[in-house]
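To keep things clear, I will list the structure first and then write my remarks on it.
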Protein chains: 2
Amino acid sequence: MTEQSVPTTAAGEPATARGEQTRQLIVDTAMRLFRERGYARTTMRAIAQEAGVAVGNAYYYFGSKEHLIQEFYARAQTEHRAAAGPVLTRESDLAARLAGVMHAGIDVLTPSHSFAASFFKTAAEPTSPLSPFSAESSGPREAAIALFAEALEGSTARVDPELRPHLPELLWLAYMGVVLYWVYDRSPGQTRTRQLIDGAVPLVDRLVGLSRLRVLRPVTRQVLDLIRTLRH
Amino acid sequence: MTEQSVPTTAAGEPATARGEQTRQLIVDTAMRLFRERGYARTTMRAIAQEAGVAVGNAYYYFGSKEHLIQEFYARAQTEHRAAAGPVLTRESDLAARLAGVMHAGIDVLTPSHSFAASFFKTAAEPTSPLSPFSAESSGPREAAIALFAEALEGSTARVDPELRPHLPELLWLAYMGVVLYWVYDRSPGQTRTRQLIDGAVPLVDRLVGLSRLRVLRPVTRQVLDLIRTLRH
DNA sequence: AGTCTCACTTGAACGCGTTCAAGAACTGCC
DNA sequence: GGCAGTTCTTGAACGCGTTCAAGTGAGACT
């Protein structure tokens, strides 16, 4: 049998109430310790001990220490949507909506800046399930792209119709750039990242507007062609 | 004494011929094993054993396994400059020069794709000395930026004078984007990365040309202002 | 030649993430 | 109650990167 036998339950998905409870306990403990001590200085032994379980038990629910981070992602994404809610009901200007969504994302991440940076390297590895481009992250990723689609749809902005369908993903990509900058941002309170958002969003807004200009048509098309080529 | 005592030699800089020789032996062995087995599967014990030295001896010259990678960077940078030489003497068109420099960089990296990806995560960590933005990497980084300055200066392209002084660094940043894409590139022979270069370079070339257009002046200035703000 | 100095070398030991064979606890069925 | 089959739990053990107290060796000075 070279085939993998079908497991009755996927790793990390408890089948009983007891399992669900243990899993939650481990996650909560891990998140607390990550925040308190940072990612690298939190050992799996410490998590297990504080949670009152055996080390091996944590590995029953999470394939690795990295997998605990995925839980962090999922939580952050949910919080991000919630935090972006008000601005999306209030504003109708694209620039304001984009800035609102991006600031909301950074708001959610800010308390975790110190340790988020330390596990960022794991997420950056192409083969890692934590990569924002990986199949395993498709849930949070698509939720995030949907958030930008919402920001776009609810706005009064007029957009080149060729560009429009690709824009949510491009905006998400730009947001990933902001997050990348945020990770590297050493300024107190990451104020630089706020400046980046406030500086880049009007720029993006302006470019989106310009995309309907005749002179820029070829450029827009060139960009879209490139994107189509690079995606399988 | 809270002050650090001044070491007679910096870590990794041997003072004797014997030391120099050992250091080279370790580097060469490490590079060979990285290529043969990949970064993660090459243990420090294996490197030491194959080089015929004790484990601790490797740590006398290199503060960590990661520091061995810096050696790889330095070598790649030197090779990159050499590989870009011909095209820089031959071509005068900016697009051709840029494409030449970028392709040369990927040419140099290609044999290492499999293991470069596996240690990329280390380089991505902001606090890592391996980060392309870190002080420790300033040598290779500035050499790379200089390479793009050379590509620009030797070209016939006319550039907005306000933009010009910032352009080499922006081009390097774009190149970092290409390398990032390359790391994630799973297509056979990384042909997608080649397409990215061939698609993005004319685009960049066009944008640089357009930067002198009256309509786009404000945008150009907005971009430059943002860059100025984000840099300390 | 003796001895001082300092660059270099050693390998056992530490703490970490991770694995796994063994067992405990729970559930459904008779 | 008794049995079977899962689900969950355990902790010792493995291999890894890294540290460090203890050595070795080669040149400089007397």
Side-chain angles (χ1 to χ4, degrees), chain A residues 5-27 29-30 33-34 37-70 118-119 121-122 125 127-130, chain B residues 5-27 29-30 33-34 37-70 118-119 121-122 125 127-130:
Chain A
S5 66
V6 179
T8 48
T9 57
E13 299 198 9
T16 70
R18 173 170 62 131
E20 186 53 46
Q21 201 177 329
T22 307
R23 195 194 132 95
Q24 270 308 312
L25 183 61
I26 293 169
V27 170
T29 309
L33 292 184
F34 285 166
R37 319 180 176 177
Y39 179 70
R41 279 196 301 252
T42 301
T43 67
M44 290 301 283
R45 283 168 179 79
I47 294 172
Q49 191 180 338
E50 293 258 322
V53 300
V55 218
N57 203 1
Y59 282 91
Y60 181 77
Y61 293 102
F62 302 94
S64 71
K65 193 181 174 186
E66 299 183 7
H67 279 77
L68 281 164
I69 299 174
Q70 230 156 6
S118 73
F119 72 61
K121 68 164 183 177
T122 307
E125 193 184 29
T127 58
S128 166
L130 290 172
Chain B
S5 65
V6 179
T8 46
T9 56
E13 300 200 7
T16 70
R18 173 172 59 133
E20 184 55 45
Q21 200 177 330
T22 308
R23 195 193 132 93
Q24 269 309 313
L25 183 60
I26 293 168
V27 171
T29 309
L33 292 184
F34 285 166
R37 317 179 178 177
Y39 179 71
R41 277 195 302 253
T42 302
T43 69
M44 290 300 282
R45 283 168 177 81
I47 295 171
Q49 191 179 338
E50 293 259 324
V53 300
V55 217
N57 203 3
Y59 281 91
Y60 181 78
Y61 293 102
F62 302 93
S64 71
K65 191 181 174 186
E66 299 183 6
H67 279 78
L68 281 164
I69 300 174
Q70 230 156 6
S118 73
F119 72 63
K121 67 163 185 178
T122 308
E125 194 184 28
T127 59
S128 166
L130 290 172

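Numbers restart at 1 for each chain; the letters A, B, ... are given by sequence-line order, proteins then strands. Everything quoted here is computed from the prediction, not taken from an experiment.
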Margin query: Does any part of the side chain of A/Tyr39, heavy atoms only, come nearer than 4.5 Å to the side chain of A/Lys65, both counted from C-beta?
Written below: yes
Note to self: So B/Ile47 and B/Met44, do their side chains get closer than 4.5 Å, heavy atoms only?
What the structure shows: yes
Next item on the list: Between B/Arg18 and B/Asn57, name the one whose nearest nucleotide on DNA chain D is closer to the 5' end.
Entry: B/Asn57
Notebook entry, point to check: Of B/Ala54 and B/Arg45, whose nearest nucleotide on DNA chain C comes first from the 5' end?
Noted result: B/Ala54
Next item on the list: Using heavy atoms to find the nearest nucleotide of DNA chain C for B/Thr16 and A/Thr16 separately, return the residue whose nucleotide is more 5′.
Entry: B/Thr16
Is the phosphate of [N], meaning OP1 or OP2, less than 4.0 Å from a side-chain N or O of [X]?
{"X": "B/Tyr59", "N": "D/dT18", "result": "yes"}
{"X": "A/Tyr60", "N": "D/dT10", "result": "no"}
{"X": "B/Thr22", "N": "C/dT9", "result": "yes"}

Margin query: Taking any heavy-atom pair under 4.0 Å as a contact, classify A/Gly19: base, sugar-phosphate, or nothing.
Written below: sugar-phosphate
Margin query: Does B/Val53 reach a base, just sugar-phosphate, or nothing at all? Heavy atoms under 4.0 Å.
Written below: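 Touches sugar-phosphate only.
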Let me know the distance between [atom1] of [X] and [atom2] of [N], rounded to the nearest Å.
{"X": "B/Arg41", "N": "C/dG17", "atom1": "CZ", "atom2": "P", "answer": "22 Å"}
{"X": "A/Phe62", "N": "D/dC8", "atom1": "CZ", "atom2": "P", "answer": "13 Å"}
{"X": "A/Glu66", "N": "C/dT18", "atom1": "CD", "atom2": "C1'", "answer": "12 Å"}
{"X": "A/Glu13", "N": "D/dC8", "atom1": "CD", "atom2": "C1'", "answer": "16 Å"}
{"X": "B/Ile69", "N": "D/dG17", "atom1": "CD1", "atom2": "P", "answer": "12 Å"}
{"X": "A/Gln21", "N": "D/dT9", "atom1": "CD", "atom2": "C1'", "answer": "14 Å"}
{"X": "A/Ile47", "N": "D/dT9", "atom1": "CD1", "atom2": "P", "answer": "16 Å"}
{"X": "B/Leu68", "N": "D/dG17", "atom1": "CG", "atom2": "P", "answer": "11 Å"}

For [X] and [Y], which heavy atoms make the closest approach, and how far apart are they?
{"X": "A/Thr29", "Y": "A/Glu50", "result": "CG2-CB, 3.5 Å"}
{"X": "B/Tyr61", "Y": "B/Gly19", "result": "OH-CA, 3.1 Å"}
{"X": "A/Ile26", "Y": "A/Leu68", "result": "CG2-CD2, 4.4 Å"}

Notebook entry, point to check: Which nucleotide in the set D/dT18, D/dC16, C/dT18 lies at the smallest distance from any side-chain heavy atom of B/Lys65?
Noted result: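 The closest nucleotide is D/dT18.
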Item checked: A/Tyr61 side chain, from C-beta outward: closest of D/dC8, C/dT18, D/dT18 -> D/dC8
